[in-house]
Novice: 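Here's a structure for you.
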Amino acid sequence: GECGSAGRWSGPTLDMPVPSSFNDVGQDAQLRSFVGWVWYEREAVLPQRWTQDLGTRVVLRIGSAHYYAIVWVNGVHVAEHEGGHLPFEADISKLVQSGPLSSCRITIAINNTLTPHTLPPGTILYKTDTSKYPKGYFVQDINFDFFNYAGLHRSVTLYTTPTTYIDDITVTTGVDQDTGLVNYQIFTQGSEHVQLDVRLLDADGRVVADGSGGQGQLQVPAAHLWWPYLMHEHPAYLYSLEVRMTAQTEAGPVADFYTLPVGIRTVAVTESQFLINGKPFYFHGVNKHEDSDVRGKGFDWALLMKDFNLLRWLGANAFRTSHYPYAEEVMQLCDRYGIVVIDECPGVGIVLPQSYGNASLQHHLQVMEELVRRDKNHPAIVMWSVANEPTSSLKPAGYYLKTVIAHTKALDPTRPVTFVTNSNFEGDLGAPYVDVICVNSYYSWYHDYGHLEVIQLQLRTQFEGWYRTYHKPIIQSEYGAETIAGFHEDPPLMFTEEYQKSLLEQYHLVLDQKRKEYVVGELIWNFADFMTNQSPQRPVGNRKGIFTRQRQPKSAAFLLRERYWKLANETRYHPSVAKSQCLGNGPFTL
C-alpha cells in the first residue's frame, strides 16, 4: 500500500480478500493485533456505457468498513464514514465520465482505532514505564467481550441507476379484520416531474393491489400475514412491492424500477405480552456474532446458510444481532424464513462517564438513523436495541438513553425500542424509557461459581424485582456458561458440557413459571463460540456457544432443541380455530 499524500512506502503490501477481516488471514502476529490505518486498493474496469452515457449514474457502495473509512476514486476524495457494520455510498459518475479512462482506481483507507467517543467505545492506553515497555508503546483497551476484527467485512460494489431514480422506499403495514394494509412512501431524486406506479404481487406473482403517486395505502383483501417460523403453518409470507418510476427529462424519457419484499404484520406490546399479528409471541432463540475461523467478521454465504439451517434445526424463532447490525443478506433471510430479529446497534461497551457526553450522543443518534434507514422495511425485525450492557446506573446514562430511545421511536414509530441491561432494577436509569425489559444475568457463572442450587432463587428475585418496578414484558436476553467441547464431569463442574446443561435447566425451571405471567422470551448466550481479546479467562475466545466455532453441537444444543420444539408446539397459532377472530392488536384467548 502506498501512503496517502506523501506517496512514500508505508509498509508491506499484501493480497487481501474482500469481504474478510484482515486479522486472521496471514501469519503475521503484528497484523492480527494491528491498530491504525490500513489501505485497500484495486482497479476496476467499467463497461463503456457507464463511462460514456451521461444519463447513467455510477455509485460506489461499501457494505461495511470497520471502523473509520476514507475513500478515493482515481485519487479524488469521494467519501468518509464513521462506524463499521453499516453501508455508505458515493456518486462517482463525474469522476468516471470525465476522462479517457475506462478503469477506475478505488482506494479505501480504514482505521480500527476505538476512542471513548466511537461506537463501540474504547481507549488507547499508553504504557509509559520505560523499564517495562518500549518508547511510544500503546494498546487498544475495550470494554466488550469480542475481538475487534477490522477491514472490509462486506461487499464493495459498483452499481448504476438513471440520473433520475428511486432513492428510498418506506413501507409500514397494518391489518383491518382480514384486510392487509400496506402504506408506502417513495422518495425520488433528480427531477421534480416523475410518474410513480406501484403494484403489490403475491407469492405466485398475481397482482393483488395497485396504486400511483409518491405515497398511499394499498389494501389487500384476505391478506396472507407474515408469521414467525413455527408460529403458523405458513410462516414468512412475502409479497413483492414493484415500484416503477418514469420521468420526462431534457435528455428524454427515463425509467427506474425497484422490487421490495413486503411482509404484512403488526407488532404491539402490552404490560405482559409481546404481540405479533395480535397473538402472544414468545422469543425462544439465540444471541449470535458475525464471527468464524479465518474470515473473522467477513461475510460468507456458506457459513450463513449453515447458521440458518442450525437455527431451524434448533427450533429457534428469534435472535438478537449482538452487538452490532449484521449484513443485509442476514436480514433478508430472516424475512424469508420467519426468524424474528431484535436489531441492535453497535452500542456495546458504553462504560466510561466520558462515553455519555455530547460527542458520543450525537454519533449514536446518527448511527440509529443509518440503521433504521437500512433495516426499516424488514418484517422480521420487530424491535430496535440501542445498547448492550451500558453502565445505566451512572447519572448521565439516564438522559443519554432517554434521548437515543426517543430519537429511534421518532425515526420509526412502528416498532418497540429496548436496550439490554445488566444493571440492578433499582439503579437502572434507562429502563423507564424502554418498551420491553431485556436483562442479562449469569448466575452461578460470574458469581457463586459452581453453585447451581442458587440459580432459581436469584432468577426469581430478578424477574419479580423488574416486573414489580416497571410492569413491562421481560426477555432473558443473555444467560449461559463457558463450555469446552469434550470436557465432561458428573456431578457437573464448571467448563464441562454437563455444567452448561445443568445451568440451562435451572434457568428453564424459572422461565417456565414466569412465561405464564410476563416473561416473553429467552435468548441463550451464545449460538456459537467466538473470538475475543486474549485474557486468562478466555481460552482462545469465548466458549459459551451451544455450538463450537466450527458449528458443531455441544450437549446443550440437544437440550435446547428439545425445549424449543416443545415451546413451539405450545405456542403455535392454529388459524382454523381462530378464523372468526379479528386480527387487531389486542391479546387473544383461544
Side-chain angles (χ1 to χ4, degrees), residues 4 18-19 21-23 34-41 59-73 76-92 106-124 140-144 146-157 290 296-299 321 323-328 343-352 354-375 384-388 390 400-401 403-404 407-408 411 419:
V18 175
S21 301
F22 61 68
N23 309 78
F34 182 75
V35 178
W37 289 102
V38 298
W39 298 68
Y40 286 79
E41 187 165 87
V59 184
L60 171 66
R61 180 182 173 90
I62 292 148
S64 167
H66 188 72
Y67 172 80
Y68 192 91
I70 310 176
V71 185
W72 295 263
V73 171
V76 178
H77 176 278
V78 294
E80 292 195 26
H81 185 259
E82 182 183 347
H85 319 292
L86 288 166
F88 60 102
E89 56 183 41
D91 181 338
I92 63 167
I106 298 165
T107 312
I108 306 175
I110 299 179
N111 192 323
N112 61 345
T113 308
L114 301 178
T115 74
H117 308 302
T118 57
L119 204 66
T123 315
I124 297 293
Q140 170 80 71
D141 191 38
I142 52 175
N143 282 304
F144 53 86
F146 57 92
F147 191 74
N148 189 36
Y149 279 114
L152 289 169
H153 287 153
R154 298 176 194 154
S155 296
V156 177
T157 47
E290 290 189 319
K297 290 199 178 311
F299 179 79
T321 69
H323 296 298
Y324 39 81
Y326 292 0
E328 289 158 282
D343 200 357
E344 187 162 274
C345 81
V348 58
I350 309 176
V351 170
L352 302 172
Q354 59 263 47
S355 295
Y356 291 98
N358 208 29
S360 299
L361 178 57
Q362 291 311 314
H363 177 57
H364 202 146
L365 297 179
Q366 170 70 26
V367 168
M368 292 315 299
E369 284 173 27
E370 292 181 28
L371 176 59
V372 171
R373 179 177 164 120
R374 192 196 75 163
D375 285 351
W384 305 110
S385 168
V386 302
N388 177 75
Y400 184 99
L401 289 163
T403 307
V404 177
H407 187 66
T408 307
L411 293 165
F419 74 91

Novice: If you compare all heavy atoms of Thr118 against all heavy atoms of Thr113, which two are closest, and at what distance to 0.1 Å?
Specialist: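 Nearest heavy atoms, Thr118 then Thr113: CG2-O, 4.2 Å.
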
Novice: Mind checking the CG-OG spacing from Leu365 to Ser360? Nearest 0.5 Å is all I need.
Specialist: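 Answer for the CG-OG pair, Leu365 versus Ser360, is 10.5 Å.
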
Novice: Of all heavy-atom pairs between Trp384 and Leu371, which one has the smallest distance, and what is that distance?
Specialist: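 It is CZ3-CG, 3.9 Å.
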
Novice: Is it true that a side-chain atom of Lys297 and a backbone atom of Ser21 form a donor plus acceptor pair closer than 3.5 Å?
Specialist: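 Such a contact is absent between Lys297 side chain and Ser21 backbone.
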
Novice: Hey, what do you get for CD (Glu328) to CG (Leu86), rounding to the nearest 0.5 Å?
Specialist: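 It comes to 8.5 Å.
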
Novice: Given Val404 and Phe419, is the side-chain contact (heavy atoms from CB on, under 4.5 Å) satisfied, shown in steps?
Specialist: CA-CA 10 Å; Val404 177; Phe419 74 91; over 6 Å; no

Novice: Test your reading of the model: is there a side-chain donor-acceptor pair from Thr123 to the backbone of Asp141, 3.5 Å cut-off?
Specialist: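 Flag not set: sc Thr123 to bb Asp141 has no pair under 3.5 Å.
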
Novice: Does the plane of the ring in Tyr326 sit parallel, tilted or perpendicular to the ring in Tyr324? Use 30° and 60° as the thresholds.
Specialist: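 Judged by the thresholds at 30° and 60°, the geometry between Tyr326 and Tyr324 is tilted.
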
Novice: Which heavy-atom pair separates Pro121 from Pro116 by the least distance, and what is that distance?
Specialist: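 Answer, listing the atom of Pro121 first, then Pro116: CB-O, 3.8 Å.
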
Novice: Using modelled atom types only, decide if a donor and an acceptor are shared between the side chain of Gln140 and the backbone of Gly122 within a distance under 3.5 Å.
Specialist: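 No.
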
Novice: If you look at every heavy atom in Val71 and Phe88, which pair is closest and at what distance?
Specialist: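 For Val71 and Phe88, the tightest heavy-atom pair comes out as CG2-CE1, 3.8 Å.
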
Novice: From Thr321 OG1 over to Glu344 CD, what is the distance, rounded to the nearest 0.5 angstrom?
Specialist: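 So the OG1 of Thr321 and the CD of Glu344 are separated by 5.5 Å.
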
Novice: What I'd like to find out is whether the side chain of Ile124 reaches to under 4.5 Å of the side chain of Val35, using heavy atoms alone.
Specialist: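 The answer is yes, as the side chains (C-beta and beyond) meet within the 4.5 Å cut-off.
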
Novice: If the plane angle is over 60° it's perpendicular, under 30° parallel, otherwise tilted; pick one for Trp72 and His77.
Specialist: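 Perpendicular: the ring planes of Trp72 and His77 meet at over 60°.
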
Novice: Between Asn23 (side chain only) and Ala150 (backbone N and O only), is there a donor and an acceptor less than 3.5 Å apart?
Specialist: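 Yes, Asn23 side chain to Ala150 backbone: donor-acceptor pair under 3.5 Å.
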
Novice: How close do Pro87 and Arg374 get, heavy atom to heavy atom, and via which atoms?
Specialist: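 Nearest pair, atom of Pro87 first, then Arg374: CD-CD, 3.5 Å.
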
Novice: Using every non-hydrogen atom in the two residues, find where Pro120 and Leu114 come nearest and quote the distance to one decimal.
Specialist: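 It is O-CD2, 3.5 Å.
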
Novice: Donor-acceptor check, side chain of Arg154 to backbone of His85, threshold 3.5 angstrom: yes or no?
Specialist: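 The answer is yes, because a donor-acceptor pair under 3.5 Å joins these two groups.
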
Novice: At what distance, to the nearest 0.5 angstrom, does CG of Leu119 lie from CD of Gln366?
Specialist: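 Here the interatomic distance stands at 11.5 Å.
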
Novice: Against Val367, only a single residue in His363, Glu370, Glu369 fulfils side-chain contact (heavy atoms from CB on, under 4.5 Å); can you say which?
Specialist: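 It is His363, the one option of His363, Glu370, Glu369 that forms the side-chain contact (heavy atoms from CB on, under 4.5 Å) with Val367.
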
Novice: Checking Glu41 against Thr107: is there a side-chain donor and acceptor pair closer than 3.5 Å?
Specialist: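 Thr107 vs Glu41: donor-acceptor pair found between side chains.
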
Novice: Would a distance-only check, ignoring hydrogens and angles, find a side-chain to backbone donor-acceptor pair under 3.5 Å from Tyr67 to Asn148?
Specialist: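 Checking the backbone N and O of Asn148 against the side chain of Tyr67, no donor-acceptor pair under 3.5 Å is found.
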
Novice: Taking the inter-plane angle between the rings of Tyr400 and Tyr356 on a 0 to 90° scale, is it parallel (under 30°), tilted (30 to 60°) or perpendicular (over 60°)?
Specialist: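 Perpendicular, since the angle between the ring planes exceeds 60°.
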
Novice: How about Val348 and Phe146: do any of their side-chain heavy atoms sit closer than 4.5 Å?
Specialist: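 Answer yes - side chains close enough.
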
Novice: Give a yes or no on whether the backbone of Phe34 and the side-chain of Asn112 come within a donor-acceptor separation of less than 3.5 Å.
Specialist: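 Side chain of Asn112 to backbone of Phe34: a pair is present.
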
Novice: OG1 of Thr115 to CD of Gln354: how many Å apart, nearest 0.5 Å?
Specialist: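 Thr115 OG1 to Gln354 CD: 9.5 Å, rounded to 0.5 Å.
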
Novice: Output the distance between atom NE2 (His364) and atom NE2 (His117), rounded to the nearest 0.5 Å.
Specialist: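 His364 NE2 to His117 NE2: 15.0 Å, rounded to 0.5 Å.
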
